[in-house]
Student: 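Quick one: this structure, given as structure tokens, is what I'll be asking you about.
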Amino acid sequence: MLVLGIETSCDETGFALYSTADGGRLLAHALHSQVPMHQAYGGVVPELASRDHIRHLVPLLRKVVADSGLSLQCIDAVAYTQGPGLAGALLVGAAFAEALAMALAVPTVPVHHLEGHLLSPLLSATPPVFPFIALLVSGGHSQLMHVAGVGDYVLLGETLDDAAGEAFDKTAKLLGLGYPGGPALAALAADGRADRVRFPRPMLNSGDLDFSFSGLKTAVLTRVREAGTLDELQRADIARAFQDAIVEVLVSKALRAVSGSGLKQLVVAGGVGANRELRRQLDARAAKAKVAVFYPELEFCTDNGAMIALAGALRLQAGASGKVGGAFAVRPRWPLSETSASRRSNHDEI
Ligand code: KG4
Ligand code: ZN
């Protein structure tokens, strides 16, 4: 079975072709990032995002088909991101996917964007095996999940306010860094000195697996205001202290979720999973706890079409029937816990 994946939920247009033959293989993928376009505005401009997706759909589709050496007629299903994300951007991808599927007379598979992130480490050469714990840290979400299989997700904890990526982005803005803030802040933090500045570790000892990151951004704001003018090194110290705080909380809670589950595998997915310091500290502490940590390839940490093609293919393999023609809708706000079989844990479950 050959599945086309289309991602257009935010500021990347992603296409991929995934084949389930021979245990599953990614045949081709292509990505267009809108980051340079939005940079001038300091953040994503939704209407510009929608229009830019439209411009790149056909060229990217042609590219993945050509790169795979196959033809459009070989496609058996079209998976696309149904939500969550920007309504206009989602609609562009959904309308294109539904129209293409109708023309090819194949079913569509509307995919939850976070399910794509969650399953993306399965694209690696050494993938995790179900069940595992997943730390999902993207621009809009910070969640800990118990993943028993495709579509079987239990939410163990999540952020009560800002997502980790959002906290990186907002703090970067406070420090005068560009968009997207995460990588820029991480680069500045690399020059910062240890223990010159210290910020609180929000909810580190809250006894549950939830997070809260908005106070951290306020702590940075207060520090910046108090300091008045900051030289480059002082800004780097603040960036480092912010990153250290967020990383310590993420690592501690993720490993607590793993130890509470009795499992030995942790998957880290979403854009913040690209953060080197997070990876370094997680690897060090997980090794001590004899926990194996799995990350997607760096190019599949942030948004991409490959994870959507994979999630669609796995859904079909797990028995989903796919959607044939008719009306379609996007879901800009869509908790992963509302997808089939997934639910929120009462913390005693695992
Ligand atoms: O998963 P993603 O590409 O998009 C969403 O689904 O939201 O995540 C984007 C987020 C942004 O907030 C970005 O600043 C953050 O991931 N990010 C990082 C790094 N690379 C991307 N945060 C910290 N360190 C990084 N290296
Ligand atoms: Zn994402």
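In each ligand, atom 1 is the first atom listed, and ligand 1 is the first ligand listed.
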Student: Run through the protein N/O/S atoms less than 2.8 Å from the Zn ion (ligand 2) and write them out by chain and number.
Tutor: H113 NE2, H117 NE2, D303 OD1
Student: For ligand 1, which atoms, with element, lie under 4.0 Å from some heavy atom of G165?
Tutor: 12 (O)
Student: Among side-chain atoms of E7 and H113, is any donor-acceptor pair under 3.5 angstrom?
Tutor: yes
Student: Pairs of donor and acceptor atoms involving the side chains of residues 177-184, under 3.5 Å and at least two apart or interchain, shall be tabulated with distances.
Tutor:
| from | atom 1 | to | atom 2 | distance (Å) |
| --- | --- | --- | --- | --- |
| Y179 | OH | D11 | OD2 | 2.2 |

Student: Could you list the atoms of ligand 1 found under 4.0 angstrom from a heavy atom of H113?
Tutor: 6 (O)
Student: Taking NZ, NE, NH1 and NH2 as the nitrogens, is one of them in D191 or R240 under 4.0 Å from a carboxylate oxygen of the other?
Tutor: no
Student: Is L118 close to L336 at the side-chain level, that is, under 4.5 Å between some pair of heavy atoms?
Tutor: yes
Student: Check this for me: does any side-chain nitrogen of one of R223 and E226 sit under 4.0 Å from a carboxylate oxygen of the other?
Tutor: no
Student: Does at least one non-hydrogen atom of H141 fall below 4.0 angstrom from an atom of ligand 1?
Tutor: no
Student: In terms of atom number and element, which parts of ligand 1 are under 4.0 angstrom from non-hydrogen atoms of T302?
Tutor: 3 (O)
Student: Carefully, step by step, assess D67 and K63 under the rule salt bridge (Lys or Arg N to Asp or Glu O under 4.0 Å).
Tutor: CA-CA 6 Å; D67 288 355; K63 179 164 171 37; 2.8 Å; yes
Student: Checking L60 now: which residues fulfil side-chain contact (heavy atoms from CB on, under 4.5 Å) with it, not counting sequence neighbours?
Tutor: T13, F15, A30, H32, H56
Student: Starting from atom 7 (O) of ligand 1, find the nearest protein heavy-atom neighbour and note its residue, name and distance.
Tutor: G139 N, 2.7 Å
Student: Evaluating non-hydrogen atoms only, which member of V272, D169, V247 is closest to atom 14 (O) of ligand 1?
Tutor: D169
Student: Hey, do the aromatic rings of F300 and H29 have their centres closer than 6.0 Å?
Tutor: yes
Student: Run down the list N275, T171, L278, L114 and name the one with the heavy atom closest to atom 26 (N) of ligand 1.
Tutor: N275
Student: Give the numbers and elements of all ligand 1 atoms closer than 4.0 Å to a heavy atom of H117.
Tutor: 1 (O), 6 (O)
Student: Which other residues belong to the hydrophobic cluster containing M1, where Ile, Leu, Val, Met, Phe, Trp and Tyr are joined when side-chain heavy atoms lie under 4.5 Å apart, directly or via other members?
Tutor: V3, V109, V111, M307, I308, L316
Student: Under 6.0 Å between ring centres, would you say that holds for F242 and F168?
Tutor: yes
Student: Among all protein heavy atoms in this structure, tell me which lies nearest to atom 4 (O) of ligand 1, with the distance rounded to 0.1 Å.
Tutor: D303 OD1, 3.3 Å
Student: Short list, please: which atoms of ligand 1 are under 4.0 Å from a heavy atom of G140?
Tutor: 7 (O)
Student: Could you check which of C301, G271, G182 puts a non-hydrogen atom nearest to atom 20 (N) of ligand 1?
Tutor: G271
Student: Classify the side-chain pair K170/S214 by whether it contains a donor and acceptor separated by less than 3.5 Å.
Tutor: no
Student: Given K217 and E166, is the salt bridge (Lys or Arg N to Asp or Glu O under 4.0 Å) satisfied, shown in steps?
Tutor: CA-CA 10 Å; K217 167 198 68 197; E166 192 179 357; over 6 Å; no
Student: Below 4.0 Å from ligand 1: does a non-hydrogen atom of C10 turn up there or not?
Tutor: no
